[in-house]
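First up is the structure itself, then whatever we jot down about it.
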Amino acid sequence: MFLPKRVIFEESALEYEKGRKLLELFQNEKIEIKYSSSGRITGIPGKSSQDMYGEGKNTLVIGVRKTLKFESCKPSAHYQLPLVSGCMGMCEYCYLNTQMGKRPYTKIHVNIEEILEKAKEYIIERTPQTTIFEGAATSDPIPIEPYSGALKSAIEFFGNEENGLFRFVTKFTEVDSLLDLEHNGRTTIRFSINTNKIISSYEHRTPTFEQRLHAAIKTSKSGYPLGFIIAPVFLYENWESEYLSLLEAIRNNIGTNVMFEVISHRFTKRAKENILSVFPKTSLPMEEELRKFKFGQFGYGKYIYKDEELNYYKNFFKEHISNLFGAESINYII
Ligand code: SF4
């Protein structure tokens with residue numbers, strides 16, 4: 001669970017009961033509280049890139065989601081569901097590092113009902129087709145769920161929506177408040193996992209693989225459709241045996257009714273610069289000359305593993321996931 005060092009309230013959030021309740025809670029906890037009347041978030045200290053990053057990661061903002069136009073979320077879903085943004089985790093390669101500014105705070109939107117009403121409009125627009133919403137496109141929503149209750153509201157909402165489905169992904173484990181909800185199988189929970197070598201080297205402030213597996217076992221017992229994202233996969237010495245033991249642990253503890261998405265490590269020039277400014281001593285493998293450059297859709301390219309390694313890696317996961325879970329368990333391997 002996220003224990004912020006400071007909480008900044010947008011004044012408009014106090015017009016909502018959830019905002020007022022959170023203010024009372026953090027006042028009782030004696031956590032530093034600040035206010036923003038303009039909606040601009042200032043007052044997060046830090047001079048160097050590292051300090052700004054650290055202070056941002058320790059800041060929680062309680063605000064109101066003003067624009068209710070949802071971003072698209074292709075290819076895995078139709079729309080992002082903007083319940084929360086940001087994440088307390090400090091993963092060196094996080095995809096959010098290039099998106100959340102120099103002080104990457106976490107934000108809860110208190111107007112959850114309005115957000116879900118808007119989701120309903122999007123669902124109606126596409127009826128009779130099913131509309132899928134992603135709850136973790138710009139966040140990991142689990143560590144702040146005890147404050148936001150956003151996932152609970154969304155899961156219950158989609159539990160009653162014939163033409164809507166919900167999904168989110170997490171590296172965290174506080175799922176207990178979700179276990180008894182009436183999800184009706186309409187929310188898929190995916191756990192992002194990695195080997196403990198990678199978690200301890202790069203995924204700072206996140207739980208171990210065993211802790212994530214334990215949370216996954218609980219959600220599976222509660223009947224939620226379950227998936228695992230193995231990402232990013234690094235091809236280091238002995239990676240085969242370590243990634244294989246993750247697959248075997250899932251098979252032995254959960255069974256075969258799971259889906260997999262597997263993503264090899266890649267980086268852009270911009271992400272590399274960003275990572276080096278916050279983690280100057282990083283040991284992330286980001287030597288351009290050892291990779292293949294692949295042009296991207298939006299004019300910038302990324303460095304992926306070279307063809308031979310990439311093919312070997314794809315075959316490895318295809319073979320072992322198929323053997324242990326059946327080929328239909330593979331969503332994609334890239
Ligand atoms: Fe980013 Fe996910 Fe790590 Fe959070 S847990 S810092 S969202 S990669």
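Both ligands and their constituent atoms are indexed starting at 1 by order of listing. Hydrogens, waters and symmetry mates are skipped; everything else that's a heavy atom, side chains included, is used. Note that this is a predicted model, so its numbers are computed, not measured.
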- Task: Answer with side chain, backbone, both or neither: which part of Phe172 has a heavy atom less than 4.0 angstrom from an atom of ligand 1?
- Result: side chain
- Message: Side chains of Glu261 and Tyr332: any donor to acceptor distance under 3.5 Å?
- Response: yes
- Item | Proximal atoms of ligand 1 relative to Leu96 (non-hydrogen, under 4.0 Å) | 7 (S)
- Item | For atom 3 (Fe) of ligand 1, the protein heavy atom that lies nearest, with its residue and separation | Cys91 SG, 2.3 Å
- Examine the side chains of Ser192 and Arg212 and answer whether a donor and an acceptor come within less than 3.5 Å of each other. no
- Query: Which ligand 1 atoms are under 4.0 Å away from a heavy-atom of Gly89?
  - Reply: 6 (S)
- Check the side chains of Asp140 and Thr170 for a donor-acceptor pair under 3.5 angstrom, ignoring hydrogens and angles. yes
- Message: How far is atom 8 (S) of ligand 1 from the closest protein heavy atom, and which atom is that?
- Response: Lys171 NZ, 3.5 Å
- In a check of side chain to side chain contact (heavy atoms under 4.5 Å, CB included) between Tyr243 and each of Ile198, Asn238, Leu235, which one passes? Ile198
- Query: What residue and atom, counting heavy atoms only, is the protein's closest point to atom 4 (Fe) of ligand 1, and at what distance?
  - Reply: Cys87 SG, 2.2 Å
- Between Tyr16 and Glu114, do the side chains contain an N or O donor and an N or O acceptor separated by less than 3.5 Å? yes
- Item | atom 3 (Fe) of ligand 1 reached by Cys94 (N, O or S, under 2.8 Å) | no
- Indicate whether the side chain of Ser85 and that of Tyr105 have a donor and an acceptor atom separated by less than 3.5 Å. no
